[in-house]
Amino acid sequence: MITIIRDNQGNIKTYSQSPLESYNVALDETFETMEIGLVQYAERFKLSAPAITGLLYASPGESVDVIVSTNLKVHTVDVNVNGVIETVQIEDGVGVISLALDTPGLFILQPADRREYCAAGTGNLTVEILPNE
Amino acid sequence: MSKAYKKDGKFYLEPDPVITARTNSKADRAKIKKKLTDDELRDVIDRILTRLDALDARLTDHGTASRQQEKNLLDYN
């Protein structure tokens, strides 16, 4: 069983295998529990660049494919790319977003629907394209 | 955060003027040791002001965040 904490807008903030009994619920956050394992829940929405989760440093170059994966039976997942919502086609639990790496800066990817998917842990990916010195 | 846009199936970043100015900083330092034309001088000053504005915005944001955090604590207590 896991415990899920939502903010006052209903967005999933985080989740834990612990019952979080001593968690300080502030700002109208709410608790709920779900009969599911932590790993299984974490795989509802996962972003990764080749073998990398969380943060990828890249040099300016061609492009990188970000893998969007989910263990839910869905055909599409909406992903927020720097505020632009991209509907990704999912086949066998996997979809792809291609990022061009020609301009220094940050790509920040996270689930667009924060009530359905959590952006914590492997649910978000930052790709930093470092300038050439 | 840089703006992103999609073209031919790929996401691209719009060039961030602050990062561009930062990337040019070494070249600017070298450049100001020589005599500059008015246009070159204007460009260097523009890049300095761009970076100063970004720094100023960060300091202001931190001030706002601190005040909000303080308010949350007061509300909670």
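Note that this is a predicted model, so its numbers are computed, not measured. Below, read A as the first sequence line, B as the second, and so on, with proteins coming before strands; counting in each chain starts at 1.
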Exercise for the section: List the atom of A:Pro104, the atom of A:Leu130, and the distance in Å for their closest heavy-atom pair. Expected result: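 Looks like CB-C, 4.4 Å.
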
Exercise for the section: State, to 0.1 Å, how close A:Leu106 and A:Thr126 come at their nearest heavy-atom pair, and which atoms those are. Expected result: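 Distance-wise, the nearest heavy atoms are CD2-CG2, 3.8 Å.
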
Exercise for the section: Determine yes or no for a side-chain-to-main-chain donor-acceptor pair under 3.5 angstrom, with B:Asn24 supplying the side chain and B:Thr20 the backbone. Expected result: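 Yes.
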
With only heavy atoms counted, which part of [X] is less than 4.5 Å from chain B, the side chain, the backbone, both or neither?
{"X": "A:Val84", "result": "side chain"}
{"X": "A:Leu101", "result": "neither"}
{"X": "A:Asp65", "result": "neither"}
{"X": "A:Leu99", "result": "both"}

Exercise for the section: Check whether B:Leu13 gets within reach of chain A through its side chain, its backbone, both or neither, counting any heavy atom under 4.5 Å. Expected result: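 Both backbone and side chain.
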
Exercise for the section: Below 4.5 Å from any heavy atom of chain A, which atoms of B:Lys7 appear? Answer side chain, backbone, both or neither. Expected result: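 Contact with chain A is absent: no heavy atom of B:Lys7 under 4.5 Å.
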
Problem - Contact check, side chains of A:His75 and A:Ile90, non-hydrogen atoms, under 4.5 Å - result: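 No - every pair of side-chain heavy atoms lies 4.5 Å or more apart.
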
Practice task
Classify the angle between the aromatic ring planes of A:Phe45 and A:Tyr117 as parallel (below 30°), tilted (30 to 60°) or perpendicular (above 60°).
Solution key: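 Tilted, since the angle between the ring planes falls between 30° and 60°.
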
